[in-house]
Protein chains: 2
Amino acid sequence: MAEKKLSLHLDFHSGLPIYTQIVNQIQNQLANGTLMPGDQLPTVRALAQELRVNFNTVARAYRILDEARIISTQQGRGTYITEILLPYVAEKLRDESLAALTKRYVDEAIRLGFSEREISQMVRDNLKSAKEAKDK
Amino acid sequence: MAEKKLSLHLDFHSGLPIYTQIVNQIQNQLANGTLMPGDQLPTVRALAQELRVNFNTVARAYRILDEARIISTQQGRGTYITEILLPYVAEKLRDESLAALTKRYVDEAIRLGFSEREISQMVRDNLKSAKEAKDK
DNA sequence: ATACAATGATACAATTAGTACAATTAAAGG
DNA sequence: CCTTTAATTGTACTAATTGTATCATTGTAT
């Protein structure tokens, strides 16, 4: 069975617990199609070794996703993305992941004292640059 | 993980509270580059032992620095110098910080597969929510 | 003496790691 | 084939590490 590579990047100083970061990133990859229903995830031990964390930390993330019915963990067999991931669930996940990302950004920018105007202008500029870089 | 040594020198007869001395000296080391963003500080217990004070005194100093957003203390994980700490920086650096923050956000959102339209819409929504939360 | 600030003691909570175990699968032996 | 055995995988429970919260003690100024 095709076992996905799952390149996750952890930030050990971000304030977010490791297991939360794993949960979020798997949700993101599911939201943007990097992961598909039926895909097998790395084993808890394999992913733990790759991320240099204890395998129980990965197991905790998997358990959270399992309880949310996003993945299915099966003792002795492995861990898989749930087959029947209804389209609206996928869409919801996708929306939530952008919403969460954006909220972190906006809150941080506001906390740093930037105005609504400054923020939206800077976002516009960056989107424009990103688009030009892509078109080139 | 690189855990800084943090040679602090306390003066128990100076009249300045211990926790204040700890706060000041960490700020100094940050100002002169001895400490850098991302660095892990000693645990409250480790630093307390080194300084021969109660760990709650160190915790108090850390809490003050945390509230000032200079460090980030995380229960169960440790204490780190904040990656982006900038209510304090000069106005010139202020723009650069928003630009950097925004670039990270936009790049990440694009990497996750969201469209320019979705991103700007989500930013608008979040700015609106943030404003309403503030006005309330 | 009283009030208050600083420090210490103790118990707690969150995160991650360690160890032993159970379920499943696959391989080996007959 | 069928049974046994080993390997792989997730689970459960416990321990270790770290910061937090609350209250007691100490010292000093008034």
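Because the structure is predicted, anything quoted here is derived from the model rather than measured. Here is the naming used below: chain letters follow the sequence lines, and residue numbers restart at 1 for every chain.
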Inset, instruction - Look at the side chain of B/Asn56 and the base of C/dT10, then say whether one donor and one acceptor between them are separated by less than 3.5 Å. - result: yes

Inset, instruction - List the atom of B/Asn126, the atom of A/Ala99, and the distance in Å for their closest heavy-atom pair. - result: ND2-O, 4.3 Å

Legend entry - Whole-Å gap separating P (C/dA9) and CZ (B/Arg52): 14 Å

Legend entry - Interface residues of residues 8-26 of chain B with DNA chain C (non-hydrogen, below 4.0 angstrom): B/Pro17, B/Ile18, B/Tyr19

Inset, instruction - Kindly give the heavy-atom pair with the smallest separation between A/Ser97 and A/Asn28, and that separation in Å. - result: CB-OD1, 2.8 Å

Inset, instruction - Figure out the CG/C1' separation between A/Leu51 and C/dA17, and round it to whole Å. - result: 15 Å

Legend entry - Value in whole Å for how far the P atom of C/dT7 lies from CG of B/Leu47: 13 Å

Inset, instruction - Please state how far atom CZ in B/Phe55 lies from atom P in D/dT22, giving the value in whole angstrom units. - result: 15 Å

Inset, instruction - Among C/dT19, D/dG10, C/dA6, find the nucleotide with the atom closest to the side chain of B/Arg60. - result: C/dA6

Inset, instruction - Nearest-nucleotide wise, let me know which of B/Gly76 and B/Arg45 is further upstream toward the 5' end of DNA chain C. - result: B/Arg45

Inset, instruction - Respond yes when some side-chain nitrogen or oxygen of A/Thr57 is under 4.0 Å from OP1 or OP2 of C/dT15, and no when none is. - result: no

Inset, instruction - Would you kindly give the OH-to-C1' distance between A/Tyr80 and D/dG10, to the nearest whole Å? - result: 12 Å

Legend entry - In one Ile/Leu/Val/Met/Phe/Trp/Tyr side-chain cluster, 4.5 Å: A/Ile18, A/Leu16: no

Legend entry - hbond_proxy A/Arg63 side chain to D/dG10 base (donor-acceptor, 3.5 Å cutoff): no

Legend entry - Ion pair check, B/Arg124 and A/Glu116, cut-off under 4.0 Å: no

Legend entry - A/Thr43 side chain, from C-beta outward: closest of C/dA11, D/dG10, C/dA13: D/dG10

Legend entry - Distance, rounded to the nearest Å, where A/Glu67 contributes CD and D/dT11 contributes P: 10 Å

Legend entry - Side-chain ion pair, A/Glu132 and A/Lys128, N-O less than 4.0 Å: yes

Legend entry - B/Leu65 CG to D/dG19 C1', straight-line distance once rounded to whole Å: 15 Å

Legend entry - Nucleotide nearest A/Val53 (side chain, heavy atoms from C-beta), chosen from D/dT11, D/dT20, C/dA17: C/dA17

Inset, instruction - Please tell me which of B/Gln75 and A/Gln74 maps to the more 5' nucleotide of DNA chain D, matching each residue to the nucleotide holding its nearest heavy atom. - result: A/Gln74

Legend entry - Heavy-atom closest pair, residues A/Leu30 and A/Leu35: CD1-O, 3.4 Å

Inset, instruction - Return the minimal non-hydrogen interatomic distance between A/Ser72 and A/Thr82, and the atom names on each side. - result: N-OG1, 4.1 Å

Inset, instruction - For D/dT9, give its Watson-Crick or G-U wobble partner with both distances under 3.5 Å, or none. - result: C/dA22

Legend entry - Exercise: do A/Ser14 and A/Gln21 side chains pair donor with acceptor under 3.5 Å: yes

Inset, instruction - Using only side-chain N and O atoms of B/Thr79, determine if any of them is under 4.0 Å from OP1 or OP2 of D/dG19. - result: yes

Legend entry - Interatomic distance where CD belongs to A/Gln49 and P belongs to D/dT8 [whole Å]: 13 Å

Inset, instruction - Check whether the side chain of A/Arg77 and the base of D/dG10 form a donor-acceptor pair under 3.5 Å. - result: no

